[in-house]
There are 2 protein chains.
Amino acid sequence: MATIKEIADMANVSRTTVSRVLNDSGYVSKDVRQRIMKVIEETGYVPSEHAKSLRTKKTKVIGVILPKISTETSSRLVAGIDDILSEKGYQILLANTNLDQEKELEFIKLLKVRQVDGIILTATNVNERLVQQINKTDIPLIVIGQEVDSVSNVLYDDYHAARAVVSLFIQKGHEAISFIGVDESDVAVGHLRKKGYIDEMTQHGLTVEDTWIQKGIFDIESGYEAMKKIIETSTHTPTAIFAVTDRLAVGAINYLKEKGYQIPEDMAIAGIGASEISQYVNPPLTTVDYQNEAAGKAAAKLLIESIETNKKEPKKITLDYRLLVRDSV
Amino acid sequence: MATIKEIADMANVSRTTVSRVLNDSGYVSKDVRQRIMKVIEETGYVPSEHAKSLRTKKTKVIGVILPKISTETSSRLVAGIDDILSEKGYQILLANTNLDQEKELEFIKLLKVRQVDGIILTATNVNERLVQQINKTDIPLIVIGQEVDSVSNVLYDDYHAARAVVSLFIQKGHEAISFIGVDESDVAVGHLRKKGYIDEMTQHGLTVEDTWIQKGIFDIESGYEAMKKIIETSTHTPTAIFAVTDRLAVGAINYLKEKGYQIPEDMAIAGIGASEISQYVNPPLTTVDYQNEAAGKAAAKLLIESIETNKKEPKKITLDYRLLVRDSV
DNA sequence: TTTTGATGTGGAATCGATTCCACATTGTAC
DNA sequence: GTACAATGTGGAATCGATTCCACATCAAAA
């Protein structure tokens with residue numbers, strides 16, 4: 001791989017001049033410029049990014065920290081991010097925490113060392129140490145999906161989405177509505193969606209039995225188990241189930257079908273996420289579309305803005321959701 | 001961000017010595033080592049990757065070129081790759097071609113410039129220019145899913161998988177088996193799977209009518225259209241459908257259901273890919289599991305081996321497949 | 001006592017770019 | 001004809017590490 005010096009020698013000019021052509025800065029005469037261009041063409045020379053980064057402190061790389069790579073949410077998000085970023089000549093450096101909280105911290109450090117121009121963090125739960133680490137990071141950083149005061153966020157409207165789902169059930173005449181959630185340390189999915197559920201119920205004067213609220217851990221299996229618990233332990237069997245993710249809902253459906261329940265006649269059910277399977281379960285699942293790709297795009301745009309203008313004040317964007325009403329209610 | 005010089009000054013030693021501690025190479029006395037360590041601790045110093053890369057020509061970054069980010073295949077693949085890579089301290093730099101052939105070439109160049117330590121390329125179709133570009137790349141490179149002579153490959157056994165599916169149909173008594181494929185410029189998915197289909201049919205002395213073979217373009221919609229064509233144009237309506245991807249199969253199912261066909265009674269159907277929806281369509285789809293995650297892992301291992309041993313001879317790995325027989329046949 | 005080899009440390013070149021400054025040439029206005 | 005700005009080019013420092021080589025100690029071997 002050739003270097004700028006070699007190009008300079010071949011074109012009989014100094015490195016400075018080659019550099020000028022490369023970045024078209026400063027004055028270079030037509031003649032010289034063409035001579036240099038020609039040499040560059042012929043040799044297929046491309047400047048080393050590392051040398052450039054070392055000097056300029058810019059890398060054109062954005063670090064993206066994900067809780068898990070192989071989920072629809074993540075891959076849609078990344079698709080959205082990449083869509084905007086690639087347009088602006090940035091590339092994505094992937095960091096997969098595999099739901100390990102420690103790794104979030106580690107990766108932020110690692111990405112700093114690599115001098116990425118910016119970081120997009122999809123956080124699951126936000127603890128004190130993470131916030132500290134975020135605050136002492138001078139690299140532009142966007143957090144998706146969870147609120148962190150000091151930086152820009154792209155947020156889903158978990159609270160209102162949850163209320164909308166419950167509201168739909170109530171409209172359809174349901175009163176005994178049960179809930180499958182996740183741990184509340186996940187503020188967005190665990191806490192806010194639950195709060196939406198509780199508030200909507202309360203506002204309509206509906207009571208919630210303790211056994212109607214169960215927890216899972218994001219996978220289909222635990223949705224099945226949660227549903228089982230609800231059915232087996234409730235004195236009043238509910239007539240509707242609100243699961244905070246589609247996968248949990250699918251698990252619940254599996255259990256209900258196994259026990260001979262008709263959906264939606266015997267039990268209505270809805271999830272959140274608009275995952276692909278939600279269309280193909282039987283009956284098609286009512287869900288909320290969070291438009292992750294749009295979220296990714298929004299985050300990328302925020303980040304680029306922040307990088308290019310070097311502005312500090314954090315912006316908060318709350319995205320729209322769409323309730324997809326299908327046959328499961 | 002501190003530099004090695006500052007650390008050296010604070011510890012009253014030379015940069016050389018600090019570097020020695022950092023990489024534990026050469027001789028450093030206990031005293032000095034501890035003194036330096038202490039300063040490093042206190043300042044939270046971490047060496048700049050760029051300066052390091054500039055000097056050592058190593059980046060601990062692997063470029064991964066994907067045809068499309070947000071597909072199950074890709075995300076599983078990446079998950080597998082990351083699994084192995086992160087263990088060895090490598091990170092992934094993502095490059096998404098969005099099915100644009102030109103971009104494959106571009107990205108290979110770009111990744112070179114960024115001096116990645118290796119490249120994993122998931123190619124869709126392999127043309128002359130791509131092979132040329134690959135050959136003149138001195139960076140270790142693995143191609144997944146398509147055969148390229150000069151480099152290491154991780155391959156799916158498309159041909160035999162296709163035969164296995166067709167064989168299953170035949171076993172179940174089907175003779176009129178039709179085929180929904182994709183363009184044959186995609187050697188693996190388009191050509192090999194078709195060849196497997198044809199060969200298996202021929203070997204059993206079964207004839208294939210022209211109209212039984214239709215093409216789609218990887219999405220559900222085109223599966224629907226292909227199925228429609230088969231039904232509408234065939235003089236002999238087939239009794240089984242082999243679609244080369246699950247999505248195509250799902251599209252076909254949608255059409256068949258719409259027209260009142262019972263699956264598998266009136267029409268048996270199978271796909272390839274073991275995508276998540278394949279479990280949740282009704283009836284569950286018979287398909288082939290290619291274990292993409294395993295493929296990703298295999299590719300990553302090959303790549304690391306190639307990087308660390310600096311060996312050249314290309315290796316070919318053909319992965320196992322599993323036929324998942326479900327209610328659709 | 002001298003040699004030798006292991007141990008310990010620093011100086012300075014190097015990687016491949018960018019960029020500040022100095023200097024040279026040309027054109028234009030007074 | 002002089003002054004001054006605009007234009008064009010190169011020298012050399014710089015970014016932050018690694019690494020070759022030289023040099024200094026010191027203990028054990030000859």
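It should be emphasised that the depicted structure is a prediction, and the values quoted were computed from it without experimental measurement. Lettering follows sequence order; numbering is per chain, from 1.
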Checklist entry - What is the nucleic acid contact for B:T56, judged by heavy atoms within less than 4.0 Å: base, sugar-phosphate only, or nothing? => result sugar-phosphate

Next on the checklist: Students often get this wrong, so: under 4.0 angstrom with heavy atoms, is B:K57 touching a base, only sugar-phosphate, or nothing?
Outcome noted: sugar-phosphate

Checklist entry - Under 3.5 Å, side chain of B:S152 to main-chain N/O of B:P314, donor-acceptor pair present? => result no

Item to check | Backbone N/O of B:K58 and side chain of B:T56: donor-acceptor pair under 3.5 Å | outcome: yes

Checklist entry - Going by modelled atom types, is there a donor-acceptor pair between the base of D:dG11 and the side chain of A:T16 at under 3.5 Å? => result yes

Checklist entry - Looking at D:dT7, does its base get a donor-acceptor pair with the side chain of A:S29 below 3.5 Å? => result no

Next on the checklist: Give me the atom names and distance for the closest heavy-atom approach of B:Y90 to B:V61.
Outcome noted: CD2-N, 4.1 Å

Next on the checklist: Heavy atoms from C-beta onward define the side chain here; which of C:dG16, C:dG10, D:dT18 lies closest to that of B:T17?
Outcome noted: C:dG10

Checklist entry - If you check the A:P47 side chain, which of C:dG16, C:dA17, D:dT18 turns out closest? => result C:dA17

Just the rounded figure in Å: distance from [atom2] of [N] to [atom1] of [X].
X: A:E49; N: C:dG16; atom1: CD; atom2: C1'; value: 12 Å
X: A:H50; N: D:dA17; atom1: NE2; atom2: C1'; value: 13 Å
X: B:I4; N: C:dA13; atom1: CD1; atom2: C1'; value: 15 Å
X: B:K52; N: D:dC15; atom1: NZ; atom2: P; value: 19 Å
X: A:D31; N: D:dT7; atom1: CG; atom2: C1'; value: 14 Å
X: B:Y45; N: D:dG16; atom1: OH; atom2: C1'; value: 7 Å
X: A:I7; N: C:dA17; atom1: CD1; atom2: P; value: 9 Å
X: A:N12; N: D:dG10; atom1: CG; atom2: C1'; value: 13 Å

Check this one for me: any side-chain N or O of [X] less than 4.0 Å away from OP1 or OP2 of [N]?
X: A:Y27; N: D:dT7; answer: yes
X: A:S48; N: C:dG16; answer: no
X: A:S14; N: D:dT9; answer: no
X: A:S19; N: C:dT18; answer: yes

Item to check | Student check: side-chain heavy atoms of A:I4 and A:Y45 closer than 4.5 Å | outcome: yes

Checklist entry - Under 30°, 30 to 60°, or over 60°: which ring-plane class applies to B:Y290 and B:Y156, parallel, tilted or perpendicular? => result parallel

Checklist outcome for this item: Residue pair A:R55/B:V13 against DNA chain C: nearer the 5' end by closest nucleotide is B:V13

Item to check | Verdict with supporting geometry, A:Q91 and B:R114, side-chain hydrogen bond (donor to acceptor under 3.5 Å, both in side chains) | outcome: CA-CA 11 Å; A:Q91 271 191 285; B:R114 292 211 188 273; 2.9 Å; yes

Checklist entry - Where each residue is assigned the nucleotide of DNA chain D containing its nearest heavy atom, which of B:R20 and A:V32 is assigned the position nearer the 5′ end? => result A:V32

Item to check | Residue whose closest nucleotide on DNA chain D lies nearer the 5' end, B:S25 versus B:A51 | outcome: B:A51

